[in-house]
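Report on the structure given below.
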Amino acid sequence: SWAVSRQTVKEQVVYDDEQKGLEKQIIVYFSHVVAENTPKGLAAQKFAELVEQKTNGRVKVEVFANGSLYSDGEELDALLRGDVQMIAPSFSKVTELIPEWQVLDLPFLFRDDDHVRRVLTGEVGEELLRLLETKGIKGLAFWSNGFKQMMSMARPLIKPDDFRGLRFRIMPSEVIEKQFRLLGGEPVAVSFDHVYRALEQHKFDGQENTISNLYSKGFYKFQPYLTISNHGYLGYVVMVNESFWDHLPVDIQRNIMEAMREATEWNWQKAKEQNEKELAQLRRRQDVHVYWLTAQEKEEWEKKFSPLYEAYTRQFGSRWLDDIREPK
Ligand code: LMR
């Protein structure tokens with residue numbers, strides 16, 4: 001059988017038609033940083049199964065969860081180098097490569113999941129993918145994890161003042177960094193796979209994340225004050241190295257796209273269900289305190305965040321924001 005090689009993507013996927021009978025299996029490494037039992041982890045597994053079925057085993061997708069192959073900061077580089085074929089980083093983690101993507105990090109930008117979906121499957125989504133292509137990356141789909149909530153170790157985060165002086169773990173994103181500064185907090189970028197250890201060492205006091213991430217990784221054990229704020233969106237773009245993609249036979253590309261479409265539908269449904277189910281489980285715990293931000297409190301946060309919108313518009317114009325508010 002064909003040994004997995006860590007050579008360039010091109011050599012890995014070249015399919016030699018003349019070698020009939022000597023079937024080569026195309027290996028796709030799919031690396032991600034979250035737990036297996038999450039909307040992304042489960043959708044990646046689902047996608048792998050679908051690809052295997054649809055290609056009759058000609059393509060094998062190997063999923064590496066929990067950052068076991070590459071951590072946050074490394075996976076994009078690894079994809080560009082061709083050391084891994086598929087990743088699904090959060091939108092925030094794309095912003096270093098493509099600053100326009102920052103728009104998706106603006107707090108209180110999206111009304112609900114349907115709004116997000118309409119934006120991503122519409123013209124804005126297309127444009128975001130076009131920008132990726134200029135970097136040699138082909139985006140295959142947008143996946144969801146749902147809305148982010150706030151968590152803290154010491155006290156509930158309800159009024160903007162509650163954030164003052166606390167250290168917050170963030171993903172590397174300028175908008176998220178400014179968001180916490182506007183609340184008087186001190187943001188620290190920490191790679192997702194280091195968050196648990198950093199929490200054990202009390203390197204920060206709070207963070208924002210989705211229910212499924214904080215549940216699957218047990219972050220709530222350290223940060224029991226949970227505010228349901230739905231202020232930001234955690235979505236992913238599933239991507240492949242473009243030259244890898246271009247070297248795949250056309251029928252394989254078609255099978256992969258079909259599998260991706262099915263896995264994507266499944267992911268969006270799953271993300272919703274899983275976050276709801278796990279929130280219900282957290283509410284049952286004595287040691288977790290859940291608070292729902294009221295409409296009035298949300299307004300106070302929004303006032304604090306308005307400079308973010310002004311800064312984004314100054315830098316990139318208002319077109320993106322207009323298109324997102326009224327998706328086409
Ligand atoms: C995070 O770093 O908190 C998330 O982006 C992790 C993930 O991929 O869901």
Side-chain angles (χ1 to χ4, degrees), residues 30-45 47 63-79 84 86-98 101-102 104-105 107 110 113 116 120 139 141-152 167-177 179-180 185 187-199 203-220 222-223 226 229-239 263-264 267-268 270-272 274-275 278-279:
F30 187 163
S31 168
H32 70 81
V33 298
V34 292
E36 280 162 356
N37 186 25
T38 54
K40 176 162 64 176
L42 293 168
Q45 284 300 344
F47 169 71
V63 182
F64 296 86
N66 294 306
S68 60
L69 203 54
Y70 295 105
S71 77
D72 271 350
E74 303 165 342
E75 60 178 22
L76 208 48
D77 268 345
L79 185 88
V84 65
M86 190 173 280
I87 60 175
S90 66
F91 300 154
S92 313
K93 290 168 193 169
V94 177
T95 59
E96 282 181 308
L97 189 67
I98 309 174
W101 276 60
Q102 286 175 26
L104 301 174
D105 275 340
F110 294 111
D113 281 302
V116 182
L120 295 176
F142 294 109
W143 283 2
S144 159
N145 188 327
F147 282 88
K148 286 182 284 186
Q149 320 300 348
M150 291 290 187
M151 257 176 294
S152 110
R167 285 163 66 84
F168 289 88
R169 177 268 166 172
I170 58 161
M171 298 188 267
S173 151
E174 240 176 79
V175 169
I176 298 178
E177 187 185 329
Q179 167 193 285
F180 281 104
V188 220
V190 179
S191 155
F192 186 70
D193 40 320
H194 293 154
V195 171
Y196 193 89
R197 172 71 66 81
L199 275 170
K203 291 238 170 91
F204 56 89
D205 309 290
Q207 66 177 303
E208 54 168 33
N209 224 316
T210 58
I211 298 292
S212 73
N213 272 348
L214 68 98
Y215 187 84
S216 60
K217 288 290 183 189
F219 298 156
Y220 61 87
F222 301 93
Q223 299 185 325
L226 176 60
S229 52
N230 293 317
H231 64 281
Y233 200 79
L234 182 58
Y236 308 113
V237 52
V238 191
M239 50 167 79
T264 299
N267 159 265
W268 280 81
K270 184 77 198 164
K272 229 176 154 123
Q274 192 162 10
N275 282 308
E278 290 171 357
L279 176 58

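Counting from 1, the numbers follow the sequence of the chain as shown. Whatever order the structure lists them in is the order used to number ligands and atoms, beginning at 1.
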Any donor-acceptor pair under 3.5 Å linking the side chain of Gln149 with the backbone of Ser229? yes

Those atoms of ligand 1 less than 4.0 Å from some heavy atom in Ser90: 5 (O)

Name every donor-acceptor pair, under 3.5 Å, that has one atom in a side chain of residues 189-199 and the other anywhere in the protein, sequence neighbours excluded.
from   : atom 1 : to     : atom 2 : distance (Å)
Ser191 : OG     : Asp193 : OD1    : 2.5

Compare all side-chain heavy atoms of Met171 with those of Lys148 and state whether any distance is below 4.5 angstrom. yes

Out of all atoms in ligand 1, which are within 4.0 Å of some heavy atom of Val34? Include the element for each. 6 (C), 7 (C), 8 (O), 9 (O)

Mind listing the closest non-hydrogen atom pair of Asp113 and Ser144 along with its distance? OD1-OG, 4.4 Å

Quick one: which ligand 1 atoms are inside 4.0 Å of a heavy atom on Arg169? 1 (C), 2 (O), 3 (O)

Under 4.0 Å between heavy atoms, the region of Thr210 that gets near ligand 1 turns out to be neither

Can you name the atoms of ligand 1, numbered from 1 with element, that are less than 4.0 Å from a heavy atom of Val33? 8 (O)

Those atoms of ligand 1 less than 4.0 Å from some heavy atom in Leu234: 5 (O), 9 (O)

Can you tell me which residue and heavy atom of the protein come closest to atom 9 (O) of ligand 1, and the distance to 0.1 Å? Tyr236 OH, 2.5 Å

Looking at ligand 1, would His194 count as a contact under a 4.0 Å heavy-atom criterion? no

Any side-chain donor paired with an acceptor under 3.5 Å for Ser212 and Asn145? yes

A side-chain contact here means heavy atoms from C-beta on lying under 4.5 Å apart; do Val237 and Leu120 qualify? no

Report the part of Val195 (side chain from C-beta onward, or backbone N, CA, C, O) that has a heavy atom under 4.0 Å from ligand 1; answer both or neither where that applies. neither

Show me which atoms of ligand 1 lie under 4.0 Å from any heavy atom of Lys40. 7 (C), 8 (O)

Indicate yes or no: at least one non-hydrogen side-chain atom of Met86 is less than 4.5 angstrom from one of Phe47. yes

Of all the atoms in ligand 1, which lie at a distance below 4.0 Å from a heavy atom belonging to Lys93? 1 (C), 2 (O), 4 (C), 5 (O), 6 (C)

Looking at side-chain heavy atoms only, is the closest gap between Glu75 and Val84 below 4.5 Å? no

